[in-house]
Amino acid sequence: MGRWGIVTLAAVAAVATACSPSAADDATGDETTTSTTRTPRITDDSGQPPVTFDPCYDIPDDVMDAAGYDAAKKELADMPMGTHTFLGCRYSGTVHIPGVLARYGLIIMAGNVTLEEELEKNGAVATATTINGRRALREVGANGNDECTYVLEANFGIILFNRLYHKDHAGPVPVDEWCAGLDEFVETVEPLVGA
């Protein structure tokens, strides 16, 4: 397990801070250029490349709203760790299907660990794939039931899209529904993340 293995959704939840669209605009100022020229908000002493893609600021709110997530209520979910950095953003889904789905929760995290390190950490639940030609992993249930993660390779490391299915019914969610539709969402966002 890599040193970033202690990054769990619970830990991310504990350090999340509120971020509204106006707060995001204030925080970035004139730095709202492409992800390849952004000055990272957080750096570390790992010697790894700085994380230059910032999920809360580099994915337009209208893209998230169109995908069924409430961008007006997004939250920062960063993990500065000294040896690695993860910039994160948490979203709540707006789609509700009575008796089936309460909503989806989504965390997008960009970190400066390699795809190979992520595969070593979660190889038991990971499958190699590609998204729009980009190397990626699909992880089913890495942190427990009802969740799915797609991991994209980036020039600084990886970007994780972790979705948790909040069911609105008794009994388990079939495993084949955990990732349903997440691949299409990741395909939509992938062009925004840079090389």
Side-chain angles (χ1 to χ4, degrees), residues 9 12 16 19-21 23-25 28 31-38 40-41 51-78 86-97 100-113 115 118-119 122 125-143 146-166 173 175-195:
L9 296 181
V12 171
C19 171
S20 68
D25 294 340
T28 57
E31 294 181 85
T32 54
T33 57
T34 65
S35 62
T36 56
T37 59
R38 175 185 299 284
R41 287 185 294 110
V51 179
T52 53
F53 177 74
D54 199 322
C56 263
Y57 303 137
D58 292 333
I59 302 175
D61 288 350
D62 60 343
V63 170
M64 297 305 298
D65 289 333
Y69 296 95
D70 189 351
K73 296 180 180 174
K74 65 186 174 183
E75 299 177 325
L76 291 173
D78 298 336
F86 286 86
L87 301 181
C89 198
R90 175 188 321 283
Y91 296 88
S92 292
T94 59
V95 177
H96 177 246
I97 306 170
V100 179
L101 172 69
R103 66 176 173 83
Y104 289 119
L106 179 71
I107 295 179
I108 304 173
M109 297 187 75
N112 57 357
V113 299
L115 193 67
E118 178 66 18
L119 181 60
N122 286 324
V125 296
T127 303
T129 188
T130 59
I131 298 290
N132 298 338
R134 185 190 297 258
R135 289 180 62 213
L137 299 173
R138 179 179 185 249
E139 301 175 356
V140 181
N143 299 305
D146 305 337
E147 62 95 17
C148 180
T149 304
Y150 275 83
V151 184
L152 300 182
E153 186 173 50
N155 58 3
F156 55 80
I158 60 173
I159 302 157
L160 298 97
F161 298 82
N162 178 273
R163 188 184 71 187
L164 181 61
Y165 190 117
H166 298 283
V173 175
V175 174
D176 62 351
E177 291 182 24
W178 297 2
C179 294
L182 185 58
D183 55 341
E184 287 113 8
F185 168 73
V186 176
E187 286 172 1
T188 299
V189 175
E190 182 276 336
L192 303 173
V193 305

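We number each residue from 1, following the sequence as shown.
C179 places a side-chain heavy atom less than 4.5 Å from the side chain of R138. Using a 4.5 Å heavy-atom cutoff, the side chains of F86 and L160 are in contact. With contacts defined as side-chain heavy-atom distances shorter than 4.5 Å, the pair N162/M109 does not qualify. Counting heavy atoms from C-beta on, the side chains of K74 and M64 never come closer than 4.5 Å. In this structure, H96 and L101 have side chains that are not in contact, with every pair of non-hydrogen atoms separated by 4.5 Å or more. I97 has its side chain within reach of V95: a pair of non-hydrogen atoms, C-beta onward, lies under 4.5 Å apart. Annotation: side chain of Y91 is in contact with side chain of I108 (closest heavy-atom distance under 4.5 Å). Using a 4.5 Å heavy-atom threshold, the side chains of I159 and F161 count as touching.
N122 contributes atom CG, which lies 8.5 Å from atom CG of L137 (distance to the nearest 0.5 angstrom). In this structure, CD1 on I131 lies 10.0 Å from OG1 on T188, to the nearest 0.5 angstrom. How far OG1 of T52 is from CZ of F156: 5.0 Å, rounded to the nearest 0.5 Å. To the nearest 0.5 Å, atom OG of residue S92 and atom CG of residue L164 are 10.5 Å apart. Note: C148 SG to N143 CG = 11.0 Å, rounded to the nearest 0.5 Å.
For the pair G93 and R103, the tightest heavy-atom approach, listed with the atom from each and the gap, is O-CB, 3.7 Å. The two residues A71 and D65 come nearest to each other via the heavy atoms N-OD1, 3.0 Å. Closest approach of A77 to R90, counting heavy atoms only: CB-NH2, 4.2 Å. Here the shortest heavy-atom pairing between C56 and G88 reads SG-O, 4.1 Å.
Distance alone, capped at 3.5 Å, is enough to place a donor-acceptor pair between the R163 side chain and the W178 backbone. With hydrogens and angles disregarded, a donor-acceptor distance shorter than 3.5 Å links the side chain of T94 to the backbone of G68. Distance alone, capped at 3.5 Å, places no donor-acceptor pair between the E139 side chain and the Y150 backbone. In this structure a side-chain-to-backbone donor-acceptor pair under 3.5 Å is present from D58 to D54.
Between Y104 and Y165, the distance separating the two ring centers is shorter than 6.0 angstrom.
A side chain to side chain contact (heavy atoms under 4.5 Å, CB included) with F53 is found for one member of I59, L152, L87 and no other, namely I59.
Between R134 and E190 a salt bridge is recorded (basic side-chain N to carboxylate O distance below 4.0 Å).
Judged by distance alone, the side chains of E187 and N132 never bring a donor and an acceptor atom under 3.5 Å apart.
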Q: Please step through side chain to side chain contact (heavy atoms under 4.5 Å, CB included) for the pair I158 and E153, ending with a clear verdict.
A: CA-CA 5 Å; I158 60 173; E153 186 173 50; 5.5 Å; no
